[in-house]
There are 2 protein chains.
Amino acid sequence: MNLRERKKLRTRDALLRAALELFATRGYEETTVDDIAAAVDVSQRTFFRYFAGKEETAFFVPRLAETHVVEAVRARPPGEPPLEALRRAVLESWDRINEAVEELVPIELHMRVYRVIESTPALLAAHLRRAAELEEQLAGIIAEREGLDVDADPRPRIVVALFSGVIRVTERLWSAGDDLSLDAMRQLTTTYLDQVGPALAENWRTEPSP
Amino acid sequence: MNLRERKKLRTRDALLRAALELFATRGYEETTVDDIAAAVDVSQRTFFRYFAGKEETAFFVPRLAETHVVEAVRARPPGEPPLEALRRAVLESWDRINEAVEELVPIELHMRVYRVIESTPALLAAHLRRAAELEEQLAGIIAEREGLDVDADPRPRIVVALFSGVIRVTERLWSAGDDLSLDAMRQLTTTYLDQVGPALAENWRTEPSP
DNA sequence: TTGTCAATTGTCAGTGGCTGTCACTAGCCT
DNA sequence: AGGCTAGTGACAGCCACTGACAATTGACAA
């Protein structure tokens, strides 16, 4: 790796960390891009050469997490019922996610930023839009697993919608609570998913759609 | 009603209609607030005295619809199972929604704007955030119907999350399709809800939570 | 009517996010 | 060593949005 490229990475990471630190302490709206650039001693223009916008810095870490979740779902054994696959994938991927995140920024910082995301209207909106895109991706994967056409059979999109809905609820509760540990999240998620599990058919194949 | 107040309403409606017309034809990002103000021949500052932001004009009509849905859910007989109440409330409220909308702007225009909302990232994000707020409201109503505490029992938030997830999927499909009629929407919604219905317990009370 | 008061509006100036342009500098490669 | 190019800073400009103040317009009483 070049000196040039190393320098670039260092600048990007510095910008990222400075931004997150400022968001977590001062708040998102209260932080200007100039503040971030100044904290790293680069021009505002340079900031925009590394990130498409202020928002992107806030979602840099979540993006990592999403990637891992998608991979985890893809890695699930094909025999597993869809909802089960989603559940296990999510629960299992968190450990690896945590590792990957820690390499970039302290998890503790990410946690604080996550709370900012949930409590800042503009960021929450962006978060939900990203979640919607993830849903679309997952629906595609589920459909493929089951050998279905996403646009012909409603079920892939529906399970994913149901599943994501529950995840959203737990995310919100978790970020609002005072135990921000991984275990708390896992606990909350299983509890909430268990409220739906018994109510959903275990296997589509034994119950063909009309 | 005063001349003053009548004039105000006229200005607001003119701004609203001009904005929606411009969004529908030119696109949201391509329309500046100055364009909207100019179309009505008022200053940009005046626009911001009627609407908190450009976004608000795009969601003026959807806000109406949300109000009606909430009322429709509130009006459901208490004996009805939660999911059933939500389903009927939504399906039944559309007629009244359509009437109320038509008094403000041509429905056809609203339909076109809705497509713009779904296809403009910034608007889609805002739409999802609003939907999340609606969910919270509905969860409260459901909890009250069932005599539960929203924060103690997960079920209200979960049904609403599941229900809303399905509605979102149908909204997207509907707005992407080429039949923008009410009947098409109703058809799509019932079809999709029927895919979940049999999979969810009919009544919580016969199946107490753990 | 007319004069006074209050609401509505326009103008102006300024902030913050974001983009295009251009010249310059620092690292790369031969 | 020196030309090439990626990365940067400086500057100008667009757009959404806000605050402050002055001008205008409708409301209402004398």
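Chain A is the first sequence line, chain B the second, and so forth, proteins listed ahead of strands; every chain is numbered from 1.
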In terms of side-chain heavy atoms of [X], which of [options] is nearest?
X        : options                   : value
Phe48(A) : dT8(C), dG17(C), dT21(C)  : dG17(C)
Ser43(B) : dT11(C), dG27(C), dC18(C) : dT11(C)
Arg4(B)  : dC28(C), dA6(C), dT19(C)  : dA6(C)

Sidechain-backbone polar pair: Asp13(A) side chain, Arg10(A) backbone, donor-acceptor under 3.5 Å: no
Quiz item: cation-pi between Arg63(B) and Phe60(B), 6.0 Å / 45°: yes
Electrostatic pair Glu80(B):Arg76(B) at N-O distance under 4.0 angstrom: yes
Basic-acidic side-chain contact under 4.0 Å: Arg155(B), Glu146(B): no
No-hydrogen, no-angle side-chain donor-acceptor test under 3.5 Å, Thr25(A) and Glu21(A): no
Pair Thr67(B), Glu71(B): side-chain N/O donor-acceptor within cut-off below 3.5 Å: no
Sugar-phosphate only, base, or nothing, as touched by Tyr50(A) at under 4.0 Å among non-hydrogen atoms: sugar-phosphate
Could you state the atom-to-atom distance from [atom1] of [X] to [atom2] of [N] in whole Å?
X        : N       : atom1 : atom2 : value
Gln44(A) : dT15(C) : CD    : C1'   : 12 Å
Glu5(B)  : dA6(C)  : CD    : P     : 17 Å
Asn2(B)  : dA6(C)  : CG    : P     : 16 Å
Lys8(A)  : dG27(C) : NZ    : C1'   : 13 Å
Phe51(A) : dG16(C) : CZ    : C1'   : 19 Å
Arg6(B)  : dT8(C)  : CZ    : P     : 14 Å
Glu29(A) : dG16(C) : CD    : C1'   : 11 Å
Phe23(A) : dG16(C) : CZ    : P     : 14 Å

Contact nearer the 5' end of DNA chain C, comparing Lys7(B) with Glu55(A): Lys7(B)
Segment of DNA chain D, first to last nucleotide, that comes within the 4.0 Å heavy-atom reach of chain A: dT5(D) to dA10(D)
Test salt bridge (Lys or Arg N to Asp or Glu O under 4.0 Å) applied to Glu171(A) - qualifying residues, sequence neighbours left out: Arg168(A)
Trp174(B) and Tyr114(B) aromatic ring geometry - parallel, tilted or perpendicular at 30°/60° bounds: tilted
Strand-adjacent residues in residues 30-40 of chain A, judged by heavy atoms under 4.0 Å from DNA chain C: Thr31(A), Thr32(A), Val33(A)
dG10(C) base / Arg49(B) side chain donor-acceptor hit below 3.5 Å: yes
Side chain to side chain contact (heavy atoms under 4.5 Å, CB included) between Asp194(A) and Arg87(A), intermediate numbers included: CA-CA 10 Å; Asp194(A) 282 342; Arg87(A) 176 200 192 111; 2.5 Å; yes
